[in-house]
**Q** 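Input: one structure, supplied below.
By convention in this document, chain letters (A, B, ...) are assigned in the order of the sequence lines, proteins followed by strands, and residues within each chain are numbered from 1.
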There are 2 protein chains.
Amino acid sequence: MKEATSVVEIEGPGRQKRARQAPTIYDIARLAGVNASTVSRALNNPDRVTAKTRKLVEVAAAELNYKANHFARALPTGKTQTLGLIVADITNPTFFDIIRGAGTTAAARGYTLVLAESTESPAMEMTVARRMLGSVDGVILASPRMGDDQILDLAGEKPVVVINRDVKGVNCVVPDVDRGISQAVRSLAGQGHRSVLYIAGPEESWMSGRRWEGIQAACDWSRLVASRLESATPTVEGGRRLARDVLVAGVTAVITYNDLLAIGLMQELQAAGVRVPETISIVGFDDIFGADFTSPPLTTVRSPVHECGVRATGRLLEELAGAYKVATAALPVETELILRGSSAPPN
Amino acid sequence: MKEATSVVEIEGPGRQKRARQAPTIYDIARLAGVNASTVSRALNNPDRVTAKTRKLVEVAAAELNYKANHFARALPTGKTQTLGLIVADITNPTFFDIIRGAGTTAAARGYTLVLAESTESPAMEMTVARRMLGSVDGVILASPRMGDDQILDLAGEKPVVVINRDVKGVNCVVPDVDRGISQAVRSLAGQGHRSVLYIAGPEESWMSGRRWEGIQAACDWSRLVASRLESATPTVEGGRRLARDVLVAGVTAVITYNDLLAIGLMQELQAAGVRVPETISIVGFDDIFGADFTSPPLTTVRSPVHECGVRATGRLLEELAGAYKVATAALPVETELILRGSSAPPN
DNA sequence: CTGAAAGCGCTTACAG
DNA sequence: CTGAAAGCGCTTACAG
């Protein structure tokens with residue numbers, strides 16, 4: 001146990017000499033008795049060097065506790081070994097597992113992940129994307145709110161992978177919502193509901209539109225009437241504010257753009273004395289953390305968000321490795337209905 | 001609307017010439033008719049240059065849509081304009097607001113935030129911290145699991161700010177739990193409870209110990225009996241697994257290390273037919289997202305996690321600016337009891 | 001105030 | 001296989 005006081009060196013600004021000079025390849029070169037360029041090769045392309053020199057270099061590097069300077073390497077190569085991930089809202093639980101999936105995948109391949117959020121604003125999204133572009137090798141756009149052409153623009157500068165949206169000419173990972181939706185609508189139809197109200201998400205959300213299409217198709221098939229209501233913000237609070245309109249609509253079943261809306265709606269309806277699911281059934285999307293905390297627990301169409309993060313990152317890494325540019329079709333991942341207590345026969 | 005096909009150029013690896021050469025200060029210099037070093041000064045220290053040349057340079061830079069190369073700048077200066085944030089578990093909602101607070105604060109000051117998680121492992125924590133060290137200007141350790149001396153080691157190399165732990169010689173931001181705890185315990189005592197069971201968090205969690213101390217002190221004051229139970233993992237699942245032990249303990253009031261444990265415990269107790277709060281009151285810590293989704297909604301001691309993120313980042317930035325090294329005391333932030341339905345008089 | 005030069009730590013043709 | 005050299009894009013003493 002050594003004295004723990006050495007750090008406290010209160011001095012004027014600019015005196016921070018803490019980091020003793022980190023060892024460079026020149027230090028290794030000197031110690032190993034070879035040229036710096038040989039050190040570089042031994043460390044990065046071990047097969048372009050004698051087994052003997054490699055050993056020499058490795059020993060010297062270990063002895064000096066050498067760590068490559070990230071920036072010095074990025075300068076001549078242009079490669080940064082970091083990936084950017086942009087999400088609409090860091091506090092939206094939907095993105096947590098995307099973040100984690102992307103983070104672990106990136107880390108496993110030696111990449112660093114840099115996170116940014118657009119706070120649901122298309123303009124902000126473009127700004128942070130552009131800012132990122134200079135310091136990453138590629139970027140993942142999760143549920144982008146900007147336009148297709150802007151995405152294409154970005155993709156023209158650095159490799160881009162999009163999650164939760166299908167844009168032609170760019171690699172995409174998009175859950176196939178039809179399966180989950182069809183399960184949900186059939187379940188409602190089977191329970192005796194005659195109509196379904198869809199509460200839409202942000203206009204800019206491609207996925208919100210996609211879900212609406214799926215719901216219409218499934219309702220047609222099951223001979224249910226589908227109607228639609230807009231929401232301002234896809235949050236719990238946003239859901240609460242919709243309770244009155246939902247009541248006015250007089251439906252027995254609601255499907256919301258996401259779980260946040262569903263939870264807020266349910267809370268507010270219950271606070272107003274409306275019984276869920278007896279009077280109104282509620283189905284969400286995503287199966288976020290907390291969706292099963294509610295009472296009744298939320299029925300929802302689960303998206304494999306973690307897998308989306310993993311696959312998007314994997315694809316981006318492949319693209320960086322030069323495997324290919326753009327796949328012809330979006331990488332599909334499945335969705336499924338998680339039947340819980342918030343949906344049931346009406347009355 | 002231009003053709004959206006140009007991106008699709010399927011070729012062999014290594015042919016990726018997408019990024020047309022970005023403009024450099026030399027391009028600006030040529031365009032503005034000055035030396036590159038003057039460009040550098042005009043852009044970074046505008047006051048060390050004539051108003052006229054500054055204008056010249058700015059115009060040229062704007063025309064070329066110049067963006068400084070992050071890496072080229074970091075090389076000679078050693079400054080990266082990025083901050084590291086290490087959390088124990090990315091999927092633990094407790095950290096969400098820390099992340100957001102840190103993220104927005106960093107962004108507002110022109111810094112990039114890089115996120116890493118230790119998955120609750122002290123060794124992993126040290127590994128990711130060391131890996132980060134080379135490419136950030138400073139790091140924020142949220143609820144670190146490593147030892148004090150290791151933290152001091154890190155702080156010896158780069159500025160470090162710790163959240164949720166008080167370690168001497170390092171800048172810390174730690175919520176003052178006593179206020180919230182005392183409110184919670186008094187509330188329980190006032191309701192007629194005679195004893196409180198504390199469900200502890202990970203051994204490595206400084207904050208878990210701190211909360212236990214606070215609970216003991218508050219119980220002494222209110223003449224309640226305090227007892228303690230260990231938990232394996234501070235998650236919902238971990239909370240579920242503790243239900244049996246809690247029942248065996250035969251207490252009427254439980255305070256858990258965090259909300260996750262509280263929620264899991266409540267779910268499992270209820271599943272076993274135990275009534276909350278009638279038979280057992282449950283109080284959590286943190287007031288995470290979803291804490292009010294449960295039924296009954298969770299009573300909890302709220303920590304201002306968002307503010308912790310903001311202040312830790314602010315302090316780190318100050319330290320980087322050379323304002324000072326280490327404050328004598330931890331930056332305090334307050335806690336408070338959020339009284340909801342999961343706690344009430346017994347029986 | 002401004003220019004010319006050196007250097008940050010690495011990579012990578014180019015010779016040998 | 002290995003060395004010597006040039007260059008990545010910036011910053012910063014050093015002169016003038």
**Q** Can you confirm whether A:Y111 sits close enough to A:L317 that some side-chain heavy atom of one is under 4.5 Å from a side-chain heavy atom of the other?
**A** yes
**Q** What's the CZ-P distance between B:R41 and C:dA5, to the nearest Å?
**A**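 Whole-Å distance recorded here is 14 Å.
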**Q** Can you list the steps and then say if B:R100 with A:D89 is a salt bridge (charged side-chain N to carboxylate O under 4.0 Å, His left out)?
**A** CA-CA 9 Å; B:R100 182 170 227 186; A:D89 177 0; 3.3 Å; yes
**Q** Rounding to an integer number of Å, can you tell me how far A:F71 CZ sits from D:dT11 P?
**A** 14 Å
**Q** What is the distance from OH of B:Y66 to P of D:dG9, rounded to the nearest Å?
**A** 10 Å
**Q** Hey, which of these two, B:N45 or A:N35, hits DNA chain D nearer its 5' end, going by closest nucleotide?
**A**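 In this pair, the answer is A:N35.
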**Q** D:dG9 C1' sits how many Å from B:L43 CG, rounded?
**A** 13 Å
**Q** Does a side-chain N or O of A:Y26 approach OP1 or OP2 of D:dA4 to a distance below 4.0 Å, or not?
**A** no
**Q** Nearest whole Å is fine: how far is D:dA13 P from B:N44 CG?
**A**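 After rounding, the reported distance stands at 13 Å.
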**Q** Choose from D:dT2, D:dG3, D:dC10 the nucleotide whose nearest atom is closest to any side-chain atom of A:T50.
**A** D:dT2
**Q** Could A:D153 and A:R130 be called an ion pair, given the rule that one side-chain N must be under 4.0 Å from one carboxylate O?
**A** no
**Q** Between A:V174 and A:R165, is any pair of side-chain heavy atoms under 4.5 Å apart?
**A** no
**Q** As a test of reading the structure: which of C:dT12, D:dC8, C:dC8 is closest to the side chain of A:L75, going by heavy atoms?
**A**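 Comparing C:dT12, D:dC8, C:dC8 against the side chain of A:L75, the answer is D:dC8.
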**Q** Just say parallel, tilted or perpendicular for the rings of B:F71 and A:H70, cut-offs at 30° and 60°.
**A** perpendicular
**Q** Can you tell me how far P of D:dG9 sits from NZ of A:K79, to the nearest Å?
**A**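 These atoms are roughly 14 Å apart.
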**Q** With a 4.0 Å cut-off on heavy atoms, is A:A68 in touch with a base, just the backbone sugar-phosphate, or nothing at all?
**A**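 The residue A:A68 makes sugar-phosphate contact but no base contact.
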**Q** Return yes if some donor-acceptor pair links the side-chain N/O of A:T313 with the main-chain N/O of A:G309 below 3.5 Å, else return no.
**A**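 Indeed, once roles are kept as given, a pair shorter than 3.5 Å links the two residues.
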**Q** Between B:R73 and D:dT11, is there a contact of a side-chain N or O with OP1 or OP2 at under 4.0 Å?
**A** yes
**Q** CD1 of A:I28 versus C1' of C:dT11: gap in Å, rounded?
**A**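 Taking CD1 of A:I28 and C1' of C:dT11, I get 14 Å after rounding.
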**Q** Nearest of C:dT12, D:dT2, D:dG9 to any side-chain atom of B:A72?
**A** D:dG9
**Q** Does B:T38 put a side-chain nitrogen or oxygen below 4.0 Å from OP1 or OP2 of C:dG3?
**A** yes
**Q** Between C:dA5 and B:S37, counting only base atoms on the nucleotide and side-chain atoms on the residue, is there a donor-acceptor pair under 3.5 Å?
**A**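 Flag unset: no donor-acceptor pair detected.
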**Q** Nearest whole Å is fine: how far is C:dA13 C1' from A:R48 CZ?
**A**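 It works out to 10 Å between those atoms.
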**Q** Please give the nucleotide sitting opposite D:dA13 as a Watson-Crick or G-U wobble pair, both distances under 3.5 Å, or none.
**A** none
**Q** Which one is paired to D:dA4, where only Watson-Crick or G-U wobble pairs with both distances under 3.5 angstrom count?
**A**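 Check on D:dA4: unpaired, no WC or wobble geometry under 3.5 Å.
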**Q** Is the shortest side-chain N/O distance from B:N69 to OP1 or OP2 of D:dC8 below 4.0 Å?
**A**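 No, because none of the side-chain N or O atoms of B:N69 sits under 4.0 Å from OP1 or OP2 of D:dC8.
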**Q** So, does A:S40 get its side chain near the phosphate of C:dT12, meaning an N or O under 4.0 Å from OP1 or OP2?
**A**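 Result: no.
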